Every structure is written in structure tokens, then in C-alpha cells.
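Since the structure comes first, as C-alpha cells, the remarks are kept for the end.
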Amino acid sequence: MKNDLLSFSVMWKKNLYLLGFFVLAGCGAHTSKIDAPNSVADLLAVEIGEMEQWLLIRGENADNPILLWLHGGPGSAQMPIHHAYTKELEKEYIVVHWDQRGAGKSNHSGFQEESMSLDRFILDTHEVTQYLKKRFDREKIYLLGHSWGTLLGIHVVDRYPEDYDAFISVSQVVNARKADTLSYQWLGQEIEQDGSRKEKRKFRELGSPPFDNHDRFVQFAKMIDAFGGGMDAGFVTLAWKALGADEYTFADFKQWFNGANRGSGPMWVETNNTDLFTEIDTLDVPVHFFTGAKDYNTPHELVKEYYRFVEAPEGKALVVFDQSAHTPFIAEQDKFNGEVINVKRINEVKEPWK
């Protein structure tokens, strides 16, 4: 997908034979209890957007603020690896991982792909937010988006600012075509310097942007990842992390693969022309942009440019992860979790913005 240049689906697509290993995950999905007197640990299906969608809700203290995580893709549900990388957040937030429509546990048999549109995802997010606000008696919650989730999230907080304490953008999608141009220039330099003859040939055969054909774009995304501009962990590493997810059964993993491999196909035309410079110039919530210095999936230069451009009267901040590409929550786990927790502390004490 244009706004998630390399979701897990691209990386896992040719590794489906490993699916058999997921049998080890067992047959009954559940989430482990948290050993704290006021904790919450729920795995449940909720009626959202006229279909059953799954939420994982975990926190050591039910009085803590809520953090709703919007995963990438579309289709690359975060739930199977939450325990490996972001568990620390459960000490300070009630963390909600949501398998969006067509992703993971919410990718039901017979799922209608034509229901996938940016506006439908925005409405789904609004419904999830209202459910969480009502259940936990909150006026507002925190919203975090990664990759595709940033495009969804920034439109959500633009439309419904009254619902959110802050928006945390991780690897912001800004302008799909401009991103392709920046990434293509970087990739050409990397391949010229370190690429094999075969890689150089494939790069020439790929041709230059725009990548209006989805399959051609997927090849481009694979090249970016191969040269370190995409995911910060290999397939095997993430697969073994996912094996530890109590929340997923064998059938859920199969549905995860199906949804991730579908990716953004049904939304390709709509998202291919994304341009936040013309769509959103002001945000009425505090916004924190997290970007990896090595990211050429959603290029960090473009994130910085949009950070300087967008007006945010309630405050804005930019956090750069020097050792990360597209997934700082994987590459710099401790720093990432610390910065997400810091967002809450800034909001609580109302420290002045720089």
C-alpha cells in the first residue's frame, strides 16, 4: 500500500510455509491475567461498523489513561507481537490493540473487501473510541498510529479532536508520490554502492516512479526493506515473537496472513494520491511525531517537513530515533516506550511546549 510501503504482509508473503509452526500456538485464544489488584486484561469482540471486530485491552491499573493503537497495513494487525515490544506501556496506560476490519482476528471468512475505504476506517475508529470512553468513563483517550495507522489516525483527530488527549504518530504517511521519489533516489544510491549485479538489474527493470501498479510498487517496497529502509527485524524474528501470542489461534494466524497479503489493494486508488500538505494543515490536538532516521518506507525527511508545516495550537513535538527505520518500537524498544509514556506525563503536568 502506498501509505505503508512495507507492511508485514510484504515481508511475510513468500514465507507461508512457516504457517504450520503456528499450530504450536494452541487452539484457544485468551489473554493472560495481570497480577495487579486493579488491572484489566480482556480479549473480546465488539460490534463495530456492522461487523464483529476484535479488541485486546490490557493495563495494570484500570484508572490509567487509555491508549488506542492503530496498526499498519491495512491488514498488518499488531496484536500478535504486542507482548514482545510494547508490554511496558501497560504499566502507564490501558493499552488497546484493535484488529481493524479485514485484519487478523477481524478478517472473517467472507469479508467484504469493498467495505475498505478511508472514511469507513475513520468511522470504525470513532466507534471504537466511543466504546472505550463509555466503558472506562473517560472524556478523552490517547491515539497512536503506526504507518497506515498514522494516515487513519491523523484524519480521525482532525475530524473528532474533542475525543483525544493527544495523537502519537509513528512513521507518518504524508505524501505518497513524494515519498516514492525520495525513497527511489535513496535506493538507487544504495544499490549503486552495495548492490549485486542481480539487484542492479532488477532496479533498472523496475523503472522510476510513479508506481501506479500495486504489484510493481510491492517490488519496490521489497527492495527498500532489503537495503535497511523498512522493517527493523527479519521475518523469522517476528514469527517467533508472534508464536508467544496467547491471543491468536492457528485459524487467527491464517486470517492474519490473508488480510496482510490483501494489504491495501482495495484502497490503492484512494490512498495513492495521499497528500497531507493539501488535506490537513492544522490539528486541534497535541501531536507527537516519531520518526526513524533510517526510514525510507515513510521517509523521515518528509515527516520532518510535514512537522514544520502543520499548525498545532495545542502543541507539537518531533522525536527522532537514530537507530531505527520504519519500526522504532522494534529497533529502539526502551526509548520508544519511554517516549510514549512521556507524552502522558507532558499532558498531565501541562509542561510548556518548545
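Since we're looking at a predicted model, the values are computed, not measured.
- Here the closest heavy-atom approach between residue H155 and residue E279 is recorded as NE2-OE1, 3.3 Å.
- The side chain to side chain contact (heavy atoms under 4.5 Å, CB included) test with R120 is passed by exactly one of E114, R101, E50: R101.
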Only distances under 3.5 Å count here; give the side-chain donor-acceptor pairs of residues 200-207 to other protein atoms, sequence neighbours excluded, each with its distance to 0.1 Å.
unit_1	atom_1	unit_2	atom_2	d
R201	NH1	E205	OE2	3.2

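- Between W98 and V46, every side-chain heavy-atom pair lies at or beyond the 4.5 Å cut-off.
- Residues satisfying the side-chain hydrogen bond (donor to acceptor under 3.5 Å, both in side chains) criterion with D63, sequence neighbours excluded, are N38.
- Side chain of D225 to backbone of M231: a donor-acceptor contact under 3.5 angstrom is found.
- Applying the side-chain hydrogen bond (donor to acceptor under 3.5 Å, both in side chains) rule to E88 yields the partners K91; only residues at least two apart in sequence or on another chain are considered.
- Using a 4.5 Å cut-off on side-chain heavy atoms (C-beta onward), F289 and T150 make no contact.
- Taking every heavy atom of both residues into account, G72 and S147 meet most closely at CA-CB, 4.5 Å.
- Using a 4.5 Å heavy-atom cutoff, the side chains of L152 and I122 are in contact.
- Taking the salt bridge (charged side-chain N to carboxylate O under 4.0 Å, His left out) definition, one finds that E90 meets it with R58, K87, sequence neighbours left out.
- In this structure the side chain of Q130 reaches within 4.5 angstrom of the side chain of D163, judged on heavy atoms.
- A donor atom on one side chain and an acceptor atom on the other are found under 3.5 Å apart for D124 and Q53.
- Under the salt bridge (charged side-chain N to carboxylate O under 4.0 Å, His left out) criterion, D232 pairs with no residue at all, not counting sequence neighbours.
- Sorted by first then second residue, the salt bridge (Lys or Arg N to Asp or Glu O under 4.0 Å) pairs that include residues 144-159, not counting sequence neighbours, are D119-R159.
- No continuous path of hydrophobic side-chain contacts links V269 to M116 [ILVMFWY only; heavy atoms under 4.5 Å].
- Under the 4.5 Å side-chain heavy-atom criterion for Ile, Leu, Val, Met, Phe, Trp and Tyr, I34 and V95 are members of distinct hydrophobic clusters.
- For A29 against T249, the heavy-atom pair with the smallest separation is N-CG2, 3.5 Å.
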**Report entry** Derivation of the salt bridge (charged side-chain N to carboxylate O under 4.0 Å, His left out) call for E92 and R345
**Finding:** CA-CA 10 Å; E92 301 283 346; R345 291 175 178 164; 3.3 Å; yes

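- The stretch residues 40-68 participates, sequence neighbours left out, in no ring-ring contact (aromatic ring centres under 6.0 Å, His included) pair at all.
- Between K33 and D42, none of the side-chain N atoms (NZ, or NE/NH1/NH2) sits under 4.0 Å from a carboxylate O, so this pair counts as no salt bridge.
- Atom CD of E52 sits in a crowded spot, with more than 12 heavy atoms from other residues, nucleotides or ligands closer than 6.0 Å.
- A donor-acceptor contact closer than 3.5 angstrom links the side chains of D295 and H326.
- Under the 4.5 Å side-chain criterion, counting only non-hydrogen atoms from C-beta, L143 is not in contact with I168.
- Remark: K222 fails to qualify as a cation-pi partner of F217 under the 6.0 Å distance and 45° angle criteria applied to the six-membered ring.
- The pair E305-K178 counts as a salt bridge, with a side-chain nitrogen and a carboxylate oxygen less than 4.0 angstrom apart.
- With hydrogens and angles left out, the side-chain atoms of N175 and Y306 include no donor and acceptor closer than 3.5 Å.
- Closest approach of E199 to D194, counting heavy atoms only: OE1-O, 4.4 Å.
- Between V343 and A166, the closest heavy-atom pair is CG1-CB, 4.1 Å.
- For the 3.5 Å distance criterion, the side chains of T291 and Y307 fail to qualify, holding no donor opposite an acceptor.
- Listed by chain and number, the residues in a salt bridge (charged side-chain N to carboxylate O under 4.0 Å, His left out) with E113 are R262 (sequence neighbours excluded).
- Residues L144 and V340 meet the side-chain proximity criterion, which asks for heavy atoms closer than 4.5 Å.
- By the 4.5 Å heavy-atom criterion applied to side chains, F321 and E332 are counted as neighbours.
- Of the options Y142, F329, Y85, a ring-ring contact (aromatic ring centres under 6.0 Å, His included) to W69 is made by F329 and by none of the others.
- The salt bridge (charged side-chain N to carboxylate O under 4.0 Å, His left out) test applied to E270 returns no partner, not counting sequence neighbours.
- Applying the ring-ring contact (aromatic ring centres under 6.0 Å, His included) test to residues at least two apart or on different chains, the pairs with a partner in residues 102-121 are F121-W148.
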Query raised in the report: Step by step, would you call E311 with K316 a salt bridge (charged side-chain N to carboxylate O under 4.0 Å, His left out)?
Result: CA-CA 8 Å; E311 296 292 331; K316 62 181 179 178; 5.9 Å; no

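- A salt bridge is absent between K133 and E139; no separation between the charged side-chain nitrogens and carboxylate oxygens falls under 4.0 Å.
- Taking 4.5 Å as the limit, some side-chain heavy atom of L187 sits within range of a side-chain heavy atom of F227.
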Query raised in the report: Between E47 and Y131, does a side-chain hydrogen bond (donor to acceptor under 3.5 Å, both in side chains) hold up when you go through it step by step?
Result: CA-CA 10 Å; E47 187 78 11; Y131 167 81; over 6 Å; no

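- Heavy atoms only, all atoms of each residue included: S324 and A331 are closest at OG-CB, 3.4 Å.
- Side-chain atoms of Y160 and D284 form no donor-acceptor pair, as typed in the model, at a separation below 3.5 Å.
- No hydrogens or angles considered: nothing links the side chains of Q255 and D252 as a donor-acceptor pair under 3.5 Å.
- Shown here are the side-chain hydrogen bond (donor to acceptor under 3.5 Å, both in side chains) partners of H83, two or more places apart in sequence or in another chain: there are none.
- Every residue two or more places apart in sequence or in another chain was checked for a side-chain hydrogen bond (donor to acceptor under 3.5 Å, both in side chains) with E60, and none qualifies.
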